[in-house]
Amino acid sequence: MPQKTKKPAAKGNNLLRWFAFTCLLFLCCAGIASILSPQGNIEEVPLSDVIARANDENGNIEKITVEGSNIKITLKGEDRYSQISRKDTAGTLYEQGLVDHCSDLTGEDFVTCQNKYPTIEYVEVSNFWDVALDIAIIIIPVIIVVLFFSSMMRQAQSMNNQSMGFGKAKAKLYGPDKKKVLFKDVAGNESAKQDLAEIVDFLKEPKKYEKLGARIPRGVLLAGEPGTGKTLMARAVAGEASVPFFSISGSEFAEMFVGVGASRVRDLFSKAKKNAPSIIFIDEIDAVAHKRDARGGAGREDEQTLNQILVEMDGFDNDSGVIVIAATNRVDMLDKALLRPGRFDRHVNVTLPERKDRLEILNVHFDKKPIEKDVDLDALAAKTAGSSGADLANIANEAAITAAREGHKAITNADLTEAFERVAIGPERKSKVMNEHERKVTAYHEAGHAIVGHVLPDSDPVHKVTIIPRGRTGGVTWFLPPEDRSYKSIFELKDILARAMGGRIAEKLIFGNDAVTTGASSDLRNVAQLSKEMIVEEGMGKQTRNLVFPEGETGYYTISTGKPYSEKTAELIDQEVKVLSDEAAARAEAVLKANLPVLDKLAEALLKQETLEEKELAPILKDTKLPPAAKLH
């Protein structure tokens with residue numbers, strides 16, 4: 001169960017507390033000032049007595065200060081007010097006979113007069129706002145100082161809390177109170193679910209296996225392409241087993257300070273052990289568990305983090321009741337010590353969905369979306385070979401967006417097609433305007449792809465051809481396999497190379513060898529890439545048959561090339577790539593020369609209709625033929 005944490009004190013209470021403290025401080029200061037004030041113990045006398053003594057040469061008054069209705073008297077020989085008289089209106093003092101005898105005198109007469117009669121001084125009385133300003137001048141600096149120090153104290157406390165929690169793991173805990181994900185919610189990948197179902201049974205009934213001497217697996221590694229549902233699988237295991245589920249990303253262990261990552265690993269496993277039996281899910285574990293090498297060192301932060309994971313998964317404490325599930329799409333980058341039995345006992349491949357799995361996934365994503373009765377999700381599943389579950393979810397969402405944009409009340413087949421093509425290649429660039437020559441070049445280019453792919457025996461069937469710009473392309477020709485295949489033969493790969501060259505060869509035959517355009521740049525890159533893969537990774541060259549040169553694998557690397565083969569081998573690979581490319585171009589040219597009338601007919605149809613579906617292509621391509629020069633010997 002998630003641990004309960006204390007609620008932080010409200011900020012308003014803190015402010016109220018500091019305000020009360022400030023007011024108390026101010027009152028204390030005012031009290032001390034009043035006690036020490038020189039006006040303390042002043043005697044109050046009648047106004048008539050003050051006037052009489054002021055007009056008498058021997059009145060013993062040195063100074064009279066008039067402040068509004070108050071008259072303050074300073075006696076001779078004293079330096080502070082000693083008497084006070086009060087009257088409602090000080091302005092009537094002249095009417096009562098209080099006269100300043102010395103105001104009109106100068107020189108020695110003025111000094112002699114001052115010695116006999118008191119000096120009269122009128123002081124302007126401050127109003128309410130003046131008094132308020134005086135108070136503000138005193139209290140505001142006090143408040144600012146108090147708030148400054150309180151802010152510094154809070155900041156220091158916050159920094160202390162952060163430093164204390166720096167080595168704490170940032171894992172999210174999904175307890176039984178969270179919404180569960182079950183295996184039935186995960187469409188497809190039945191083999192992976194079967195492997196994980198045993199882990200669930202271990203967690204539910206551990207004694208059944210302990211009686212037979214079996215121990216619970218320490219870790220399960222989920223490996224697969226991005227978007228295949230590895231994280232969803234892990235959550236389904238937690239949901240089925242009804243145990244606490246700690247989720248964290250591999251990058252969240254990483255920190256610039258050495259030792260922090262290892263501390264977070266210890267904290268994470270400590271929390272999981274307290275909630276055992278439990279599951280720790282580490283997503284993208286390759287971010288923190290990549291291969292160690294001689295160039296590293298014990299002081300490197302990433303290696304310390306990896307070492308701590310290794311110890312926690314298979315240290316002296318073998319009865320922790322914690323299962324670690326990790327996900328990655330780069331198994332080749334993981335350290336071998338992590339992959340051995342006792343740490344990750346099971347490796348589960350979460351593969352790309354097959355056709356029936358894709359149909360199940362599409363049914364899940366379209367379950368709560370309104371669709372027309374004639375919508376064919378099975379046909380969409382057939383077209384989306386090689387798509388992941390995330391891709392299919394994106395297609396379903398794009399279909400709903402397209403239907404809303406077009407004002408449809410339900411999703412139609414046209415919406416599905418547009419969504420599939422948008423996700424696969426990109427949106428239509430309707431604002432892209434091509435002149436007639438560019439449209440003609442594009443039409444012959446796409447027609448060349450279609451005819452070569454249709455004629456060659458081991459190529460996939462042509463599904464659709466369009467000259468409407470989409471994504472980064474000026475036109476598109478789709479070839480869809482009739483069924484999912486796990487392997488491709490050398491004949492199929494060579495047909496793919498030839499049909500990729502069909503666009504450039506068609507431009508050459510129609511417009512001349514010197515008039516080819518940049519429209520085939522992506523085709524040529526694909527040919528070069530696939531040819532090199534066939535030679536370097538699949539051993540399909542003539543001179544390098546059955547030899548592979550896997551780049552990125554652990555092994556020797558030559559200094560001159562930076563690759564696991566010498567300069568001489570690199571030259572040989574380049575020759576083999578050129579042989580495959582030249583062969584593909586020659587086969588494509590042989591096919592197009594033998595079918596020039598069909599090429600013209602298909603290009604004219606594209607210029608007229610812009611897009612041709614499979615049914616519309618069939619009558620145009622029915623007269624094509626395979627020349628002997630295009631056959632593989």
Side-chain angles (χ1 to χ4, degrees), residues 191 221 223-225 286 290-291 293 328-336 339-340 347-352 354 385-386 452-453 455-460 479 481-502 504-505 522-591 626-633:
S191 59
L221 182 65
E225 297 292 328
D286 50 272
H290 50 76
K291 293 178 180 178
D293 52 36
T328 181
N329 52 19
R330 296 295 305 274
V331 179
D332 58 304
M333 292 182 61
L334 298 182
D335 192 84
K336 291 182 179 179
L339 300 177
R340 72 164 176 81
H347 296 187
V348 177
N349 291 321
V350 185
T351 59
L352 291 171
E354 299 178 357
V452 173
V455 170
L456 295 180
D458 294 297
S459 174
D460 296 324
F479 296 92
E483 59 184 3
D484 292 350
R485 291 192 293 267
S486 301
Y487 305 103
K488 285 183 177 165
S489 67
I490 189 172
F491 302 107
E492 292 172 331
L493 294 175
K494 285 189 174 184
D495 282 2
I496 292 174
L497 294 175
R499 79 189 187 202
M501 294 295 297
R504 167 57 68 88
I505 300 302
S522 62
D523 296 329
L524 298 178
R525 283 195 298 269
N526 293 336
V527 168
Q529 181 179 357
L530 179 56
S531 299
K532 188 173 182 180
E533 288 179 3
M534 292 172 64
I535 303 303
V536 174
E537 299 181 12
E538 307 299 341
M540 292 183 176
K542 289 185 177 180
Q543 301 181 60
T544 58
R545 184 63 57 90
N546 302 329
L547 291 177
V548 294
F549 311 95
E551 299 179 13
E553 295 289 337
T554 302
Y556 76 91
Y557 283 78
T558 60
I559 298 176
S560 58
T561 63
K563 300 180 182 298
Y565 44 78
S566 64
E567 292 184 1
K568 186 175 181 180
T569 303
E571 293 178 1
L572 181 60
I573 292 173
D574 291 339
Q575 293 175 8
E576 293 276 23
V577 170
K578 187 176 185 304
V579 168
L580 288 176
S581 301
D582 290 344
E583 181 186 65
R587 296 180 68 206
E589 187 168 356
V591 170
L626 174 64
K631 296 179 181 180
L632 293 173
H633 302 288

> Got E225 and V350 here, is their nearest side-chain heavy-atom distance under 4.5 Å?
Replying inline: no

> Is it true that R330 and D332 make a salt bridge, defined as a side-chain N closer than 4.0 Å to a carboxylate O?
Replying inline: yes

> Between M501 and A584, which heavy-atom pair has the shortest distance, and what is it?
Replying inline: CG-CB, 4.0 Å

>> Under a 3.5 Å distance rule, please check whether D458 uses its side chain to pair with a backbone N or O of D495 as donor and acceptor.
In response: no

>> Between L530 and E533, is the side-chain contact (heavy atoms from CB on, under 4.5 Å) condition met? List the steps.
In response: CA-CA 5 Å; L530 179 56; E533 288 179 3; 4.2 Å; yes

> Given the rule in the side-chain contact (heavy atoms from CB on, under 4.5 Å) test, do L497 and E583 qualify, once you have shown the distances and angles that lead to the verdict?
Replying inline: CA-CA 9 Å; L497 294 175; E583 181 186 65; over 6 Å; no

>> Applying side-chain hydrogen bond (donor to acceptor under 3.5 Å, both in side chains), can you list everything that pairs with R545, at least two apart in sequence or on another chain?
In response: none

>> How long is the straight-line distance from CZ of R525 back to OG of S522, given to the nearest 0.5 Å?
In response: 6.0 Å

> Can you name the one residue among I496, L632, L456 that meets side chain to side chain contact (heavy atoms under 4.5 Å, CB included) with F491?
Replying inline: L632

>> Rounded at 0.5 Å granularity, tell me how far CD in E538 sits from OG in S531.
In response: 12.5 Å

> Do you know the tightest heavy-atom contact between S459 and F479?
Replying inline: OG-CD2, 4.3 Å

> Can you check whether T569 reaches L547 side chain to side chain, under 4.5 Å on heavy atoms?
Replying inline: no

> What closest approach, in Å, do A528 and V577 show between heavy atoms, and which atom pair accounts for it?
Replying inline: O-CG1, 4.4 Å

> Do R340 and K336 come close enough that some side-chain heavy atom pair is under 4.5 Å?
Replying inline: no

>> Whether the side chain of E576 engages the backbone of K542 through a donor-acceptor N/O pair (distance < 3.5 Å, no angle test) should be reported.
In response: yes

> Do the side chain of Q529 and the main chain of N526 share a donor and acceptor less than 3.5 angstrom apart?
Replying inline: no

> How far does NZ of K578 sit from CD1 of I535, to the nearest 0.5 angstrom?
Replying inline: 13.5 Å

>> Could you tell me if the side chain of L524 sits less than 4.5 Å from the side chain of R504, heavy atoms only?
In response: yes

> How many angstroms lie between atom CG of L339 and atom CG of L334, to the nearest 0.5 angstrom?
Replying inline: 5.0 Å

>> Between M540 and L580, is the side-chain contact (heavy atoms from CB on, under 4.5 Å) condition met? List the steps.
In response: CA-CA 10 Å; M540 292 183 176; L580 288 176; over 6 Å; no

> Would you say V591 and P627 make side-chain contact, with heavy atoms under 4.5 Å?
Replying inline: yes

